[in-house]
Amino acid sequence: MTSAGDGTTSATLGWPGTLPVPVGAPLVVGRDADCAVCLQHASVSRRHLQLTAAPDGLAVQDLGSRFGTYVNGSRVVTALVRPGDMLRFGSSPPYRYDGRRLVLALEALGMPVAVRGLDLFRDGRCLLRNVSLSLPAGGFIGIIGPSGVGKSLLLGCLASTVKPDCGELRYDDDRRVADDLDAYRNAIGLVTQDDLVYGTLTVAENLRFAARIRQPPADAQQEGQRIAATLAAMELTPHRDKLVRVLSGGQRKRVNVAIELLQHPRLLLLDEPTSGLDPGLQVQLMELLRRLAQHGVTVVCTTHTLDTLHYFDEVIALGISDGAGTVVFQGPPAGLYGAFQVHSADEVFTHLQNAGPRAGAVPRGGVPAEPGTGSTTVPRRVFRLVGGTRPSASAGRWLTQAAVVAQRSALGLLRDRGAAGLALAQPLALALLIFLTQGDHDRSTFIHFFLALAAVWLGMTATVREIVRERALYIRDGLAGLRWDAYLTGKLAYAAALVASQVILMMLVGRVLLPLVADPGVRPLLAATLRHPGAISGAILVGVGGALIGLIISALAGSEQAAVALLPLVLLPQVLFSRVAYGDGSRYWTDSSPYAPVVRLEFHFQESHDSKPRTDWSQSVLALASLAMLTRPGTAILDFTAPENVPPKLPYAVPVEWLLLVLLLLLHLLALALTFQRHHAILQNRPAFKTGPILAFLARGAKRLLQRTARSLGRRGGRVVGRPARPPPRTSS
């Protein structure tokens, strides 16, 4: 390992202590293995920059990198680096050119951050007012204040997950966060109050999956070394193979910190990391955080206790003034009591609880100041430009992220005995109930319908909790670079594999029960269905459609309980708008019915107009509404497995039902993508897709479909319903 100059190793910092400079041929720095200097970091492009020896320094050329190359704080395309100049690329720490090589500048490892005139309103109430502060590079800063003063909100603003209504956030060499949000997020780590870890995974697995999401693909040896170094830094090596759910509170908190350290952040934000820990664990954690700050990471954490105040280099105190939180002190911990002329922690918090109208932003040095000392010329439109996109991940990284999501979900299910047992018991119980209750019917439609309905149920229950219970975890991974489409792809892959296994198991149980309970007249038809590849594939696709519905519910629901409560309401239309519930389950597919094969619907409308004019409108509503139900094409596909069930003289009946099923799946997938992308945009503080053109296109298509349907309904053998029939022409004798 390369030494950084003071005993700190590259494994601890995540960056080499020195970089070579070219002697003859130019030297390329990037992620590709064929680069002269290969750096595996998400903010480093495959071919990031080129270094060339020059007579009076070092010529630097950016090679079109995503996160840019900076010389003395300015982004450059080409520049000349002279001795003493600072060079950074991506979110790397600064390297100083000493005339012979590039050396890691330990004194400038951290990220300096400045907040100017920040205001935050919610529901017409001011929660933070005129907050101005500065965070020194490599410092260990504590934010204190009474409950409800806005410590977590301020930390969210620093993490860019909360959008202020006014104010400006700058970092490094006076760069605006709003100008390059992705570069800023790529250089920070965020640890929330809740333990955002997967309890059913081991410590090493949590870190391994997090590393694959955050970092470019690496071989097993590099990945293992990175994880081992992080575990050692957080003193978690003895616990690497333990499930996280069996760890103590302090150990779980260290796992959270270790996950964020995988990105090698220059700024680490922690929201009350010592909350709920006993005094001994608090001391251990604070010592670890102070050691990180000494290694060059700017560490900021909120706290509501003053017992660990002496660990901080600086303290920022928030007080309540006129109902809003504002900065009333910033300075060394030793000056806190003297600044307010108090002698105990109780008196400090009493003062902060009612800071009074004279509270204002405080300059470094720890002396309370008059209101308005913060910047008053900040443009009020800042943070409105929170946009930008994640770097365009390669197909390999996108697939890696999707695979991580799928594997993580599968492991979580397998290691949760209750959930795994329920996933196994559901298809067994459903098959038993369906064949016992519907086996004596002389038509196969009944069993086929309930098989399709069971597939929808299996898909919905497999995914209805997936997104809502991982919302906070998804925010964390999304800030670290997880793509929303990779997340959805992984969840769908996991759900499809689970539902396919359950449907096949349900079919196998049905084959066992068939000779025991089914009516002899329909046994051949049911036996053909239960082993027909087309029928099994159709049932699996219906189950995947149910999984898509479950994911949509999960993205919209506010809690797991609300998501589960919606399941019966969403499933009920699949039952009511069906051939069986309508009472046509015992009739032939050639009979007139609103649930006839799709290719026969026009004939049905014509026949119903001739025979039942008073019920035309109700049957039309039933027929159109049922077209959106997965059980309609699912029942038909299962029943049409037997050739004798296919309506005669309608050779396209089966392909059209398959086409309807595929169309429904695509529409559900589109609805899920739009729903989740908007959900992602809200959580990640990013602009959402413009759904207006898509919705307008769908509205035009629906309008045309309704117009054609109305014309079909209005025709009656060539005559329009409602108009009197013309009398036959008179013939002259």
Can you list, pair by pair, the side-chain donor-acceptor contacts under 3.5 Å of residues 650-668, counting residues two or more places apart and other chains?
unit_1, atom_1, unit_2, atom_2, d
E657, OE2, V598, N, 3.0
H668, ND1, L664, O, 2.6

Which donor-acceptor pairs under 3.5 Å do side chains of residues 497-506 form with protein atoms, sequence neighbours excluded?
unit_1, atom_1, unit_2, atom_2, d
S501, OG, A497, O, 2.9
Q502, NE2, A423, O, 2.8

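In this structure, R511 and L514 have side chains that are not in contact, with every pair of non-hydrogen atoms separated by 4.5 Å or more. In this structure the side chain of H532 never reaches within 4.5 angstrom of the side chain of I536, judged on heavy atoms. Proximity of L551 to L492: side-chain heavy atoms (C-beta onward) are separated by under 4.5 Å at one or more points. Between L231 and H239 the shortest side-chain heavy-atom distance does not fall below 4.5 Å. Proximity of L430 to L458: side-chain heavy atoms (C-beta onward) are separated by under 4.5 Å at one or more points. Inter-residue side-chain proximity for L196 and T192 is flagged as met; some heavy-atom pair is nearer than 4.5 Å. Two residues are said to be in side-chain contact when any heavy atoms from C-beta on lie closer than 4.5 Å; V203 and D241 fail this criterion. Using a 4.5 Å heavy-atom threshold, the side chains of H448 and I637 count as separate.
Within the 3.5 Å criterion, the main-chain N or O of R415 finds no donor-acceptor partner in the side chain of T200. Remark: the backbone N or O of G412 is not paired with any side-chain donor or acceptor of D416 at under 3.5 angstrom. In this structure, R252 contributes its side chain and L247 its backbone to a donor-acceptor pair below 3.5 Å. A distance-only check finds a donor-acceptor pair linking the side chain of Q401 to the backbone of R483 [under 3.5 Å]. Of the possible donor and acceptor atoms, none in the side chain of D195 sits under 3.5 Å from a partner among the backbone N and O of V197.
Remark: I552 CD1 to L566 CG distance equals 12.5 Å, nearest 0.5 Å. Atom CD1 of I467 is separated from atom CD1 of I553 by 11.0 Å, given to the nearest 0.5 angstrom. In this structure, the separation between CD on E466 and OH on Y494 is 5.0 Å, given to the nearest 0.5 Å. To the nearest 0.5 Å, the span separating OH on Y198 from CG on L411 amounts to 11.5 Å. Interatomic distance, L451 CG to L526 CG, rounded to the nearest 0.5 Å: 8.5 Å. Residue I475 holds its CD1 atom at 9.5 Å from CG of L190, rounded to the nearest 0.5 Å.
The shortest non-hydrogen separation linking A406 to G490 is CB-O, 3.5 Å. For the residue pair Y487 and V405, the shortest heavy atom distance occurs at O-CG1, 3.6 Å. A452 approaches L638 most closely through the heavy-atom pair N-CD1, 4.1 Å. Annotation for A557 and V468: closest pair O-CG2, 3.7 Å, computed over non-hydrogen atoms. Between T641 and A528 the shortest heavy-atom distance is CG2-O, 4.0 Å. Heavy atoms only, all atoms of each residue included: T529 and A535 are closest at O-CB, 3.3 Å.
Between the side chains of R443 and S586, not a single donor N or O lies within less than 3.5 Å of an accepting N or O. Side chains of S409 and K491: a donor-acceptor N/O pair is present below 3.5 angstrom, by distance only. Donor-acceptor pairing under 3.5 Å is lacking for the side chains of Y595 and R632.
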I549 vs Q574, side-chain contact (heavy atoms from CB on, under 4.5 Å): CA-CA, chis, key distance, verdict: CA-CA 12 Å; I549 296 175; Q574 303 282 347; 4.1 Å; yes
Derivation and outcome, side-chain contact (heavy atoms from CB on, under 4.5 Å), residues R476 and I259: CA-CA 10 Å; R476 182 200 68 186; I259 289 174; 3.6 Å; yes
side-chain hydrogen bond (donor to acceptor under 3.5 Å, both in side chains) between S444 and D639, intermediate numbers included: CA-CA 7 Å; S444 60; D639 218 34; 2.5 Å; yes
Working for salt bridge (Lys or Arg N to Asp or Glu O under 4.0 Å), residues E470 and R408: CA-CA 12 Å; E470 294 183 2; R408 205 164 51 185; 5.1 Å; no
CA sep, side-chain torsions, deciding dist, call: R579, S593, side-chain contact (heavy atoms from CB on, under 4.5 Å): CA-CA 8 Å; R579 186 179 184 88; S593 168; 4.1 Å; yes
V244/L201 under side-chain contact (heavy atoms from CB on, under 4.5 Å): CA gap, chis, key distance, verdict: CA-CA 6 Å; V244 169; L201 302 180; 5.7 Å; no
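Counting only residues at least two apart or in different chains, ring-ring contact (aromatic ring centres under 6.0 Å, His included) contacts with residues 417-443 comprise H441-F446. For the salt bridge (charged side-chain N to carboxylate O under 4.0 Å, His left out) condition, the pairs that include at least one residue of residues 551-562, sequence neighbours left out, are R465-E560.
Partners of A211 under the side chain to side chain contact (heavy atoms under 4.5 Å, CB included) rule, at least two apart in sequence or in another chain, are R226, L262. F640 meets the ring pair (Phe, Tyr, Trp, His ring centres under 6.0 Å) test with W589; sequence neighbours excluded.
The aromatic rings of W484 and F676 are tilted relative to each other, their planes meeting at an angle between 30° and 60°.
Partner of Q407 under the side-chain contact (heavy atoms from CB on, under 4.5 Å) criterion, out of E205, R208, R212: R212 alone. Each of T461, V544, V570, L630 was compared with V456 under the side-chain contact (heavy atoms from CB on, under 4.5 Å) criterion, and only L630 meets it.
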